[in-house]
Structure formats: C-alpha cells, structure tokens
Enquirer: 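Sending over a structure as structure tokens; questions will come in a sec.
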Amino acid sequence: MKYDFTRIEKKWQDNWEVTKPYAAITGDPRPKFYGLIEFPYPSGQGLHVGHPRPFTAMDIVCRKRRMQGFNVLYPIGFDAFGLPTENYAIKNHIHPAVVTKNNIKTFTEQLKMLGYGFDWDRCVDTTDPKYYKWTQWIFLKFFENDMAYKTTMPVNWCTGCKCVLANEEVVDGVCERCGSPVVQKEKSQWMLRITKYAQRLIDDLDDLDYINRVKIQQRNWIGRSEGVEVDFKVNTGDTMTVFTTRADTLFGVSYMVLSPEQPFLDKWKDQIQNWDAVDAYRKEAARKSDFERGELNKEKTGVRLEGITVTNPANGETIPVFVSDYVLMGYGTGCVMGVPGHDQRDWDFATKFGLPIIEVVAGGDVTKEAYVAKEDGIMINSGFMNGMTVKEAIPAMKDYAEEHGFGKRKVNYKLRDWVFTRQRYWGEPIPLVNCEKCGWVPIPESELPLELPMVESYELTDDGESPLSKMTDWVNTTCPKCGGPAKRETDTMPNWAGSCVYYVRYLDPHNDKEFASKEAMEYWMPVDWYNGGMEHTTLHLLYSRFWYKFLYDIGVVPTKEPYQKRTSHGMILGEGGEKMSKSRGNVVNPNDIVAQYGADTLRLHIMFIGDFEKAVSWSNEAVKGSKRFLDRVWNLGERCTDDENISPEHEALIHKTIKKVSEDIDELKMNTAIAAMMTLVNDFTSKGCTKGDLEVLLKLLSPFVPHIVEELWEMKGFAEKYGKMCMQMDWPSYDESKLVEDSVEMAVQVAGKLKGTVVVPMDSDQDTVMAEAQKLEKVQRSMEGMEIVKVIFKQNKILNLILKPKK
RNA sequence: GCCGCCAUGGUGGAAUGGCAGACACCGUGGACUUAAAAUCCACUGGGAGCGAUCCCGUGCCGGUUCAAGUCCGGCUGGCGGCACCA
C-alpha cells in the first residue's frame, strides 16, 4: 500500500480533535511540564515557513515529555493587536476586528494541519475583551502603585499625514507612506517605571537557565554602570551635573556639551549671545532620530554657547560649553564632560572645534587619536592623582569629589522607562478617565473590560490624537470619583501589552473572576521552557519579566520569574540565504509543502534542515530527502518480520540511537537526532528488521512525525495489543551495557599527522596499541632512521608519536 | 556607531582540543523500464599520479598546544537588536 499522507494526516487530526490527547490537567499528580512558544502575530499572509521551526521543536520536546510521564501544557494563542492589521484595515476599508478574525481562522487551520499537540481549549486572543480585561486590570494595578505616570516624550510626527508614526514607518527620515519629512514632536504619554526593576532584572538572571547570549544581551541593554555625578558651576549661577564612569579623567576636561533638548538652553536664552544659531541648531537636531545622532562615523556638529562658561571643580579652570546632538537627553542628565584625550567622540569634536586636548593618562599619542586608557594606565597632569593607575585613580577621585562636595557616587542604567501609549485605534483602551477636578481616575474594576468601541472610522486623525478621540460619546463620560464631567484616555496600549502575561492566562483562560486561579498558577508556574526569537530578547522578554515581577510584588503570581529556561531559534531564510519577503518573492507557504509532501515531511524537514540556533536557508529540493526517509519507514512497515523481539543484529545500534535521540531532543539538536534515526532506518532497510525493531523506531519517531507513526502503529497491530496510541506509550529506555562495544578504532599519528588507524580491544593500554601501531606500514616508514622522543596516548582515542632523527 | 551572534565541500549541515566533512540535497555512472518518473546499487572536498601513495584544505593574519574547525589576540564579511514592527 502506498504512503497516502493526505488521508493519514486527515484521519489522525480528526481523531485528536475528538479524543483530545493533548489536554493539560491542572492539579494532576504527574510531574508538570510547561512548554511555551511565542504566540504568533496573525498576519494577513498566513503562516510562514519560519513559524513551524520553533513550534515543531517545542512540540517534539512536549511529546517526548508526555511519553516520559509528564503532565504537559503546550498552549497556543494569538497576539493580534498591532500596526500591520490596522494599516491593512485602513488601506482596504475592512474593520481591523474583521481582519483579525479572518487571520486567526487561517492560522488556526494551518496550525492544525501541521498536527501540533496544542491544547486548543486554552487558546487566547489578545483582542478578545475577555482577555484584555486582564491587561487593563494589570494597568490599573500599575497605576495604583505609582508605576504608571504621564510625561511628554518626543514622537515621530509626519508633516504630511499629520500623524504619529512608528519608527518602522519612518524610512530615511521620511514617512514611508507619503514621503513627507518626519520631525520629532513632544506628546504627552503614559510611562511604566521599568527602571525601578533594573537591578532585579539583572540580578535574578543568575538563577535562570537562559542561553548565555540572552543573558548578556539583557544585562547590556539594562546597562548598569557605576560612576559619579559631578557638579560644575556655571557662570549663570546654575549647577550643571554630569554623570561619568571615568572620574579619573576630570583633569582632562576641556569643554562641556549639552544635548539639544537640555532645559538649560531655554533658561539661558538671554545670556547666550548667539541664541539664533543655537536655536537653529536645536531645531535641526529635532529632525533626527537618536539612532542617526548616535552614529560615530558621522562628522560631529555643534554650536558654542557664547557667554556661557563653567568651572572645572577639580582644577578650577574655566571651560566653554557647546550644544551638540551626539549627546542624548535620555541617558544621564543630558550634559556630558568632554575629555578629548581619552574618548574618540570627544577627540573628534575637540579637533573639529579647535579645543585643547589634554593628556591625563600616559601611554598613547593624543595628538593622533584618543587614547582609551586601560586599568593599568598611569595618571599624569592630574594633580593629586599623578602616578596612580587608572584603577586606583577612579575611586580616589570619587572620594575626593565627595569630600569636596562637588560629586557623589551614582549608579546609572541605560534602561529607560517604557513609553506605554500609542495614538492608534487597534490596541487595548487604557482604563482611565481625566476629570477636571480629580485628575486621572481609574475606572472601577467592575467596569472592566473597557471595550474598544466598534467604530466606522479607525483612520488616523490629523491632530495626532488616537482615532478614539473623535468618538465624543465614548470620550465624554463621568468621573467615577466625583460624578462630574470627565474624558476618557483615548490613547491605546502598545502591542507588547498583550504579550506580557499571556502565558499566565493560558493556565485558566476561561476564568472571568480572576486573571488565573491561585491553584492553576501554583501548579504550573514557572514556564519550564520558553523558546523564541533572539529579536525579542531586549523588548518582549524583558518587558514580560518586568510585568511578572511587578505582579509577584503585589501578590498576584507565585514565583519571582516567569520563565525558568529560555532558548532561541534561528531564522528560516529563502533559497540563496536571503530573508524571505513578499517583495523578494521567495516566501515559502507551508500549505504548498504539506500538499506536495505532507505535514510529517514538513515537520521532519524543518527540524533536519540545520542547527536550530542558526539561520538556515530553505531549499525546496532538499525536502525530498525527508520525504524519502518517511517512504522508507513506511516500507519497513510492510517488510518487517512478525518477530516481536528486537533482533540481536540491530540491538547495539537501537540502544545507541535511543540514547542519541533522547539526549538530542533535550538539547534541541533535532537535526542530529534525525540523522541518527536515518542511520538506523538505513540499517533496517538493508538488513531487514523485525516487528520488535520497528516498535522502538516508531516510538522514537512519534514526537517528530506523529501521523505516519500512529498509522503504522495501528496497521501493525500495536494499537490493539497495547490499547494505546504510540504517543501514549512510555518513551523507550536504553541499556548502557548494550552500548559498550568490545573493540575500538584508534587513530595513529606521527608528529600530529594521521598515519592510519588500528582496531584494538576497548580500554587497551599504551603498550598494546603501540604494538599494533608499529605494524602499520606507514608508521614503519615514518620511523625509519628516527627514534621516539615522546608518546601521547589517550585511551580509546589516539596515539601520537613524536620522533627525531637518530644520531 | 553601540550590544550580541555567526563563518566548514557544488548545497544544508556533522564533529566532549584527538581520524574534518556524519546525515542529507545536488551531480556522475549503473540496475530496473518500450520510455520517463519512482526505487535500488556505486562514486562524489581540491590537486598530482596508471597505481601504491603524496600534497593542500574549516573566511583572513598571528599565537597557545604533541595535536586547533574547536582555545587566545587582531582583522574581514554577514546576521539579529537599538526602545512606536511583532
């Protein structure tokens, strides 16, 4: 009989839909395992061939855990608010809610087509009011605990569309839609105080099992640095405070720089003699993004503030002040001390403006470039620090500054508070009203969810406000506190809001009294293993850790951290290694692969294709190899003997394969697990196999290709024999004693060059191996006229002879 | 620019510091077939040689080591992120 994957896959998917073998049971006495993948954004293009990579890998892990006796939760949902849907809706005049509903339907069908073991009864959709009720509830908790506050922040403003743009919509400084210039405009925004959690977000990484590069990226993003805030007296009578980690270079300061947004500039308007030039520079800088401003290789620009000087508190010298856009307002105080001798950006700036370059650490040539001094550099031209090493000088100057009252120690973080509002329609409404008398007032919890009104017009407004602001009957309301007239907040939450705690909602998705029951959270949390893209490391992953920690602090969730383990997958690229994109026309649709080869082949191939952590390019040709493998497995089902025992000739390889596959799945090395199974199948195909051999193979294959396995399992009578599906059987175990081979092939080298191999009994000693090695013709030839100086012998591995000519 | 990561045959990739190229794809030759597809068998890193065999080979330059794809230093190229894409 032919391997009719279409019929088989349909048959088993229909079966699973009814028998629900993937249902997770809260409170079950078996050990629990919570496997999580990042829930997809349901885009209009449907599932992309990149999606199945992480989904299949975690599916395999979860299926193996089930066979190992775990109560497994592997849930799925949709992160459905967001910009692309809204823009699609505007362009095609279809309401975003309708677009979302259709997209989710397509995604659901496609995911089911791939046979994933998701517990579909727990599916969540972030745009469902029953879901975002809890996002809003959490926002109210932030608000109550003074973790949310309003401030003005610059936003991208399209001068053509008259609306706020996302960074992604700004291409080379112009709007991607209309091509008009984009400028920075101040806008009032809700912020979340993630910075309050900066230290804990760093410290608590230590106890987590995240891959190292994720930890490093998060630590660097939070960017803790220990330094000093130094006060410089300004001739206007003000005090200018700068943060520096290099207090040791204070004697090398030859100028100061302010960020164009620094409030001092407006304050000093009357004292700055060249105000027009300064103001023009400031306006020019407002057009640029932080990213453009930060580029090191670009030419430094700036304007001197004529009439303004400051005094260096270390040596009393008077130094000039500039405004320049390489200083950002967002980090530190927006004021920077210029040390051109020892910082390349400062050196470039000083060189351009003809400022003195003072060498304070010996060892470089500051007339040619900045000398970035190391810890053991020796201080010069630095008063009391002369002769100290940099390492000694840093704390010495910190002490000196504190003693003399012009500085104090300070820990700074690069992490910034989180801008939590968007002037958009397709997001969760913020459950606050603004009352003239009472200010910002939360709506009562009993009124949650505050539903997003189903409006006709969700187009962007031309005043930069959210589309909701035009809905006056929705906006105008009464104050829950005083009953007076009030207006609703019309901005919405960013897409990130929905993804911060979705993994908690999965635990108890139909609960309308609580976010999730205590029982469910205590049973399931933390997530045992969360796999997702590296691109989410510093935003989603950090944001969600922050939300979860806050919920822990207010007693809502039971653990300090949401995810115990984090791994990351590489991208699937198009043929030729290019990113898959519509414009390149190289997007592979999983439906096509499934139609041509079946879901099992797609699952197998996407795992076989390469190292899970690395980017890999898709090849339509290569899929055939995976299909051929499944054809061979199918044929074994027809050809194996009726003997229910494991055949002695395959026993060693079977045990070796069980070990390899078991270990590789836990390390996400699915490609080598599959290669090992291919080797086993090749052996079975060439030598023949028993029904007993096949039984083990089917169990090993079950997590990878569940449909074909269940079909063969049933066909060969195992289903009847055991009364279970293969996926419900125990995971096969291997016997260490069966793995030990009685002989081993060892490499023989002369002076590190391979001369041949010898087969010797396992654990042979050096003399035995030496005796065998000297029988090799090539070894004998190499040794002619030579004597052995040294022998390197590693048991069961290698024998290396170091020779020299005989005298 | 800053932070992180990566680089191995024609291709995807494999290799606790110890026989580079497992397992596949492509290709070549053969079997089967009226023929093709499918399947099966053999070969398949580069170079020299009839051959035994020899030389070269893991992005580039240097180092450590008996031994380096693997460790260290310096480059080059590519990828991810840079806070309003998800």
Side-chain angles (χ1 to χ4, degrees), chain A residues 38 40-41 43 79 81-84 153 155-156 164-170 189 194 212-214 216-221 223 290-298 326 330 344-345 414-424 494-496 499 533-540 542-543 568 570-571 573 575-577 579 605 608-611 613-626 628-629 631-632 635 669 671-672 674-679 682 685-686 745-757 777-778 789-792 794 796-802:
Chain A
E38 286 165 346
Y41 176 75
S43 69
D79 186 14
F81 275 129
L83 200 60
M153 290 294 289
V155 293
N156 300 308
V164 177
L165 298 182
N167 288 347
E168 194 183 58
E169 297 171 297
V170 183
Q189 306 272 19
I194 189 171
N212 209 28
R213 58 197 163 119
V214 168
I216 295 169
Q217 284 270 88
Q218 287 209 345
R219 285 198 192 100
N220 290 348
W221 179 260
D290 284 3
F291 181 60
E292 289 171 284
R293 286 168 47 172
E295 284 197 51
L296 187 64
N297 57 356
K298 71 158 192 172
Y326 79 94
Q344 192 58 42
R345 283 173 308 178
K414 283 206 190 86
L415 185 69
R416 309 204 289 258
D417 275 340
W418 176 7
V419 184
F420 200 67
T421 32
R422 302 290 182 269
Q423 291 69 47
R424 289 280 180 166
N495 63 286
W496 310 103
S499 60
M534 263 330 271
E535 70 275 21
H536 293 118
T537 302
T538 51
L539 298 179
H540 160 66
L542 200 66
Y543 288 154
S568 213
M571 274 210 303
L573 305 171
E575 306 216 19
K579 217 175 188 174
H605 189 67
F608 182 61
I609 196 167
D611 184 337
E613 290 207 337
K614 291 184 198 153
V616 68
S617 38
W618 178 265
S619 155
N620 276 328
E621 274 302 297
V623 185
K624 286 183 198 162
S626 298
R628 279 181 201 147
F629 170 70
D631 284 334
R632 279 199 284 271
N635 291 338
K669 289 161 78 174
N671 53 336
T672 49
I674 293 165
M677 290 190 284
M678 285 175 168
T679 305
N682 289 345
T685 303
S686 60
E745 191 182 32
M746 284 180 64
V748 177
Q749 298 180 336
V750 172
K753 291 217 169 194
L754 185 70
K755 293 296 170 188
T757 58
E777 196 197 329
K778 280 197 200 174
V789 186
K790 192 172 173 186
V791 179
I792 287 111
K794 296 274 166 175
N796 302 331
K797 293 274 187 209
I798 202 157
L799 179 74
N800 187 8
L801 306 176
I802 312 302

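Given the structure is predicted, the values throughout are model-derived calculations rather than measurements. Note: hydrogens, waters and symmetry copies are ignored here, and every other heavy atom, side chains too, is used. Lettering follows sequence order; numbering is per chain, from 1.
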Enquirer: Taking the side chain as every heavy atom from C-beta outward, state whether Val750(A) and Lys778(A) have any atom pair closer than 4.5 Å.
Expert: no

Enquirer: Rounding to a whole Å, what distance do you find between Lys790(A):NZ and A67(B):C1'?
Expert: 10 Å

Enquirer: Rounding to a whole Å, what distance do you find between Ile216(A):CD1 and C2(B):P?
Expert: 17 Å

Enquirer: Taking the C1' atom in each of G13(B) and C75(B), what is the distance between them to the nearest angstrom?
Expert: 27 Å

Enquirer: I want to verify a distance call: between C56(B), C84(B), A83(B), whose nearest atom is closest to the Asn156(A) side chain?
Expert: C84(B)

Enquirer: Reckon His540(A) touches a base, only the sugar-phosphate, or nothing at all at heavy-atom distances under 4.0 Å?
Expert: nothing

Enquirer: It should be established whether Lys778(A) places a side-chain nitrogen or oxygen under 4.0 Å from OP1 or OP2 of nucleotide C54(B).
Expert: yes

Enquirer: Look at all strands and tell whether Val155(A) reaches a base, only sugar-phosphate, or nothing, counting heavy atoms closer than 4.0 Å.
Expert: base

Enquirer: Does Arg422(A) make a side-chain N or O approach to OP1 or OP2 of C84(B) shorter than 4.0 Å?
Expert: yes

Enquirer: Look at all strands and tell whether Phe608(A) reaches a base, only sugar-phosphate, or nothing, counting heavy atoms closer than 4.0 Å.
Expert: base

Enquirer: Looking at CZ of Phe420(A) and CH2 of Trp496(A), how far apart are the two atoms once the value is rounded to the nearest 0.5 Å?
Expert: 12.0 Å

Enquirer: Answer yes or no: does a side-chain N or O of Asn220(A) lie under 4.0 Å from OP1 or OP2 of G4(B)?
Expert: yes

Enquirer: Taking any heavy-atom pair under 4.0 Å as a contact, classify Val164(A): base, sugar-phosphate, or nothing.
Expert: base

Enquirer: Just compare G4(B), G13(B), C6(B) and give me whichever is closest to any side-chain atom of Lys614(A).
Expert: C6(B)

Enquirer: Let me see the working for Lys755(A) and Glu777(A) under salt bridge (Lys or Arg N to Asp or Glu O under 4.0 Å), right down to the final yes or no.
Expert: CA-CA 9 Å; Lys755(A) 293 296 170 188; Glu777(A) 196 197 329; over 6 Å; no

Enquirer: Would you measure the distance from the C1' atom in G17(B) across to the matching atom in C72(B) and give it in whole Å?
Expert: 13 Å

Enquirer: Checking all strands, does Arg424(A) fall into the base, sugar-phosphate, or nothing category for heavy-atom contacts under 4.0 angstrom?
Expert: nothing

Enquirer: Please state whether the base of C66(B) and the side chain of Asn800(A) form at least one donor-acceptor pair under 3.5 Å?
Expert: yes

Enquirer: For Arg628(A) and C23(B), is the shortest distance between a side-chain N/O and OP1 or OP2 below 4.0 Å?
Expert: no

Enquirer: Counting only side-chain N and O atoms of Asn671(A), is one of them less than 4.0 Å from OP1 or OP2 of C23(B)?
Expert: no

Enquirer: Hey, what do you get for CG (Asn671(A)) to CD1 (Ile609(A)), rounding to the nearest 0.5 Å?
Expert: 10.5 Å

Enquirer: Taking the side chain of Gln189(A) as heavy atoms from C-beta outward, which of C84(B), C40(B), C82(B) is closest to it?
Expert: C84(B)

Enquirer: Which listed nucleotide (G80(B), A83(B), C19(B)) is nearest to the side chain of Met534(A)?
Expert: G80(B)

Enquirer: Rounded to the nearest angstrom, tell me the gap between atom CG in Asp611(A) and atom P in C5(B).
Expert: 15 Å

Enquirer: Looking only at atom C1', what distance separates G45(B) and A15(B), rounded to whole Å?
Expert: 16 Å

Enquirer: Do you know the tightest heavy-atom contact between His540(A) and Ser499(A)?
Expert: CE1-O, 3.1 Å

Enquirer: Applying a 4.0 Å non-hydrogen cut-off, can you work out what Lys669(A) is touching in the nucleic acid: base, sugar-phosphate, or nothing?
Expert: sugar-phosphate

Enquirer: Can you tell me, in whole Å, how much space there is between the P of A7(B) and that of G59(B)?
Expert: 8 Å

Enquirer: Taking G18(B) as the reference, what is the distance to C71(B) when you measure between their C1' atoms (whole Å, please)?
Expert: 14 Å

Enquirer: C85(B), A20(B), C3(B): which one has an atom nearest the side-chain heavy atoms of Gln217(A)?
Expert: C3(B)

Enquirer: What interatomic distance, in whole Å, is found between P of G9(B) and the corresponding atom of A14(B)?
Expert: 13 Å

Enquirer: Please convert RNA chain B into dot-bracket. A pair counts if it is Watson-Crick or G-U wobble with both distances under 3.5 Å; crossing pairs go in [ ] and bases paired with another strand get |.
Expert: (((((((..(((.....[....))).(((((.......))))).((((....))))..(((((..]....))))))))))))....

Enquirer: To the nearest angstrom, how far is Glu168(A) atom CD from A83(B) atom P?
Expert: 12 Å

Enquirer: Which part of the nucleic acid, if any, lies within contact of Thr679(A), taking any heavy atom under 4.0 Å across all strands shown: a base, the sugar-phosphate backbone alone, or nothing?
Expert: sugar-phosphate

Enquirer: Starting the side chain at C-beta, find the nucleotide from A15(B), C84(B), A83(B) nearest to Thr672(A).
Expert: A15(B)

Enquirer: Distance between the P atoms of G46(B) and A22(B), in whole angstroms?
Expert: 13 Å

Enquirer: Sequence neighbours excluded, which residues qualify as side-chain contact (heavy atoms from CB on, under 4.5 Å) partners of Thr672(A)?
Expert: Lys660(A), Asp664(A), Lys669(A)

Enquirer: Looking only at side-chain atoms of Leu539(A), point me to the closest of A83(B), C66(B), A14(B).
Expert: A83(B)

Enquirer: Please table the atom pairs, donor to acceptor, closer than 3.5 Å between any side-chain atom in residues 619-626 of chain A and protein atoms at least two apart or in another chain.
Expert:
| residue | atom | partner | partner atom | Å |
| --- | --- | --- | --- | --- |
| Ser619(A) | OG | Glu621(A) | N | 3.3 |
| Ser619(A) | OG | Ala622(A) | N | 3.1 |
| Asn620(A) | OD1 | Trp618(A) | NE1 | 2.9 |
| Glu621(A) | OE1 | Lys624(A) | NZ | 3.0 |
| Ser626(A) | OG | His605(A) | ND1 | 2.9 |

Enquirer: Counting heavy atoms from C-beta on, name the nucleotide in C66(B), G18(B), G13(B) closest to the side chain of Ile798(A).
Expert: G18(B)

Enquirer: Counting N and O atoms only, with roles assigned by atom type, does the side chain of Arg424(A) sit under 3.5 Å from a partner on the main chain of Thr421(A), one being a donor and the other an acceptor?
Expert: no

Enquirer: Distance check, C1' atoms only: C85(B) and U16(B), in whole angstrom units.
Expert: 41 Å

Enquirer: What I want to check is whether the side chains of Glu745(A) and Thr757(A) have a donor and an acceptor closer together than 3.5 Å.
Expert: yes

Enquirer: By nearest atom, which of the nucleotides C40(B), C66(B), C25(B) is closest to the Arg632(A) side chain?
Expert: C40(B)

Enquirer: Send over the distance from Asp631(A) CG to A24(B) C1', rounded to a whole Å.
Expert: 15 Å

Enquirer: Base, sugar-phosphate alone, or nothing: which one does Glu621(A) contact when heavy atoms must sit under 4.0 Å apart?
Expert: sugar-phosphate

Enquirer: When we call it a touch if two heavy atoms are under 4.0 Å apart, what does Leu801(A) touch: a base, just sugar-phosphate, or nothing?
Expert: nothing

Enquirer: Taking only N and O in the side chain of Lys624(A), is any of them less than 4.0 Å away from OP1 or OP2 of C26(B)?
Expert: yes

Enquirer: Could you give the distance from CD (Gln217(A)) to CG (Asn220(A)), rounded to the nearest 0.5 Å?
Expert: 7.0 Å

Enquirer: When you compare the side chains of Asn156(A) and Asn167(A), does any donor N or O come within less than 3.5 Å of an acceptor on the partner?
Expert: yes

Enquirer: Measure from the side-chain heavy atoms of Tyr543(A) and tell me the nearest of A83(B), A24(B), G13(B).
Expert: A83(B)

Enquirer: Base, sugar-phosphate or nothing for Ile792(A)? Non-hydrogen atoms, less than 4.0 Å.
Expert: base

Enquirer: Applying a 4.0 Å non-hydrogen cut-off, can you work out what Glu777(A) is touching in the nucleic acid: base, sugar-phosphate, or nothing?
Expert: nothing

Enquirer: Are a donor atom and an acceptor atom from the side chains of His536(A) and Glu38(A) found within less than 3.5 Å of each other?
Expert: yes

Enquirer: Check whether the side chain of Glu745(A) and the base of C19(B) form a donor-acceptor pair under 3.5 Å.
Expert: yes

Enquirer: Scan Thr421(A) against the nucleic acid and name what it touches under 4.0 Å (heavy atoms): base, sugar-phosphate only, or nothing.
Expert: base

Enquirer: With heavy atoms under 4.0 Å as the rule, sort Glu613(A) into base, sugar-phosphate or nothing.
Expert: nothing

